[in-house]
Amino acid sequence: MELRPAKARLAQGHAERLGILGTGLHVDAAWRRWMLMSVGPLALFAIWYVAHEQAWVTQRLLPSPVRTLQSIWTNMTQGGMGEDFLRTLWRTLQSFGIAAVFGVPLGIVVGANAKIYRSIEFLVDFFRSTPATAMFPLFMILFGLGDFAKIAIAAFAAWLVILFNVAYGVMNARQTRILAARVMGASRLRIFRDVLFYECLPQTFVGLRTAVSLALVVIVVAEMFIGGDDGLGKRIIDSQITFDMPQLYGTILVSGVLGYGLNLVFLTLETRLVHWAGRS
Amino acid sequence: MADLTWFTPGTHITVRGLRKSFGGNPVYVGFDIDLPKGRIVSVFGPNGCGKSTFINMVAGLLPFDGGEILFEGKTIRETRIGYVFQNYREALFPWQRALDNIHYPLKLMGVPRAERNRRIEELVAGFDLKFDLHRYPYELSGGQQQTVSIMRSLVIEPEVLFLDEPFSALDYEMTLIMRDQLQKVLIARGTTAVLVSHDLEEAIYLADKLLLLTRRPSRIAEFLDIPLPRPRSPATLTDTEFVRIKAHALEVFQTAVRGS
Ligand SMILES: Nc1ncnc2c1ncn2[C@@H]1O[C@H](COP(=O)(O)OP(=O)(O)OP(=O)(O)O)[C@@H](O)[C@H]1O
Ligand SMILES: [Mg+2]
């Protein structure tokens, strides 16, 4: 929900690319939008820079933004940060994939059957509210310290989010549309395929987007605390131990880029595939 | 009970001994009526008297507790029907373009593409559309969306068309246009139609017969003929015969509301 503005912006960008706003205006508007959007980040870097220069905070704790960006560059080109980035991305996508494969069909079944939904509603809500991190030790005992433990725990957390959202989407399908299909002679199977599937798609996408963000969070934390020797989480913890502040800040920024990028990809897919969401 | 496979000539829908209650509250307790073939019947009555319940039972969308409903001796399953919902926003499929929405019921029937196109072209010719059917429903105005809904229900050439307050979510100007559009198409096709309206003027304007219902449990307050000539136009609304019928219907309605 907090991503609505981003979505609106995307839709607007879409309109502009299609030239709906007219050509002359369109270049201008796009420019102004970019300028406005860069005000915040530039201001942050400026404040950061001044804070460092004026030593508002001990310089040891706050390296300059330039040093931080340099550290990202060197770590990327020689320090293996690129690999860490890819490892974290790959683990996130694996857990997300598992969660989606098991979450979407189950969510449809649960949502289509009020009795099943009511009987597991509490469980889903309970585990959704349980911090995934609280289950780390359990998953370590169950699955060891390897990659699979990390992926399993992130997949579990993401799975619950997807399950819940898909079920919710199915349950809130407009009854009138289902009736309309029935009156036109659609069989139960056709109603499922032609109506319910599309009806739950917007909410499914909300679930998928939330799930991928959550999977990333859990993976990064798991990389910090469950053994292993790669991933952005591991690099962050290492920077802390060796007190390499530029690398610490740099890795945080890179993790942010990863999270933001994933979100952007899902938002783009969403506006393309679920064009009717919120408009009908 | 009479053998309903035999029906009076000119009758399309025969309802006998219809019973329905919600949680012990009866809405229909033995309801009988004959609805004529190829005619438009308007249903009018007090709020909550069971108008929607009635057409939903006849249309097979709502199960009933007892009685029988037959269409020239056939059951609802053997009858091709169309249904236009009040809430067009929630009745059309927003993931499909308007045109694909109209294709959908034909696809369900397994009509091949070429034939579908031919039928839709024919249908479009009967409407004077001022918008593009290649748009998505949410890009259309309310009246345009309801026009698409009506087209979707007519494209299968239904034997009976049901409409539950189809225009009540539209503004007055749009309502006037839509009434005439609907009248034109239904008359040209000779489709039997059952229309629920909460607007007495509209109910009379469109109808060949007006069914006035009492408060629940619903009975027929009166089932009157509307012998006004067709095609009717806005001038009809001030016609002395129209005004007389409306005054009479209003009187019946008020008596029905006060209770029997
Ligand atoms: N699913 C339901 N469960 C319980 N009661 C119902 C249900 N549907 C309808 N009723 C009741 O049955 C009565 C008839 O309802 P119906 O919707 O048919 O009335 P209506 O004449 O269409 O009213 P309106 O003018 O408001 O459209 C109402 O009193 C309503 O409260
Ligand atoms: Mg009603």
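Note on naming: letters A, B, ... go to the chains in the order of the sequence lines (proteins, then strands), and numbering restarts at 1 for each one.
Using a 4.5 Å cut-off between heavy atoms, Ile76(B) makes no contact with chain A at all. With a 4.5 angstrom heavy-atom cutoff, Ile81(B) touches chain A via backbone and side-chain atoms both. The part of Arg182(A) that comes within reach of chain B is its side chain, from C-beta onward, which places non-hydrogen atoms under 4.5 angstrom from that chain. For chain B, no part of Gln175(A) is nearby; none of its heavy atoms comes within less than 4.5 Å. In this structure, chain A has heavy atoms under 4.5 Å from both the backbone and the side chain of Pro105(B).
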Test log, rule salt bridge (Lys or Arg N to Asp or Glu O under 4.0 Å), inputs Lys107(B) and Asp100(B): CA-CA 10 Å; Lys107(B) 268 193 202 158; Asp100(B) 296 320; 5.4 Å; no

Stepwise salt bridge (Lys or Arg N to Asp or Glu O under 4.0 Å) test for Glu157(B) and Arg80(B): CA-CA 8 Å; Glu157(B) 289 167 14; Arg80(B) 228 175 27 252; 5.3 Å; no

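In this structure, a donor-acceptor pair under 3.5 Å is present between the side chains of Gln146(B) and Ser149(B).
Looking only at heavy-atom pairs under 4.5 Å with chain B, the residue among Ile178(A), Leu179(A), Leu201(A) that has the most is Leu179(A). Of the listed residues (Tyr83(B), Phe162(B), Tyr136(B)), the one with the most heavy-atom contacts under 4.5 Å to chain A is Tyr136(B).
Paired with Leu35(B) under the rule side chain to side chain contact (heavy atoms under 4.5 Å, CB included), one option of Val41(B), Ile40(B), Val15(B) passes, and it is Val41(B).
The aromatic ring centres of Phe64(B) and Phe31(B) sit 6.0 Å or more apart.
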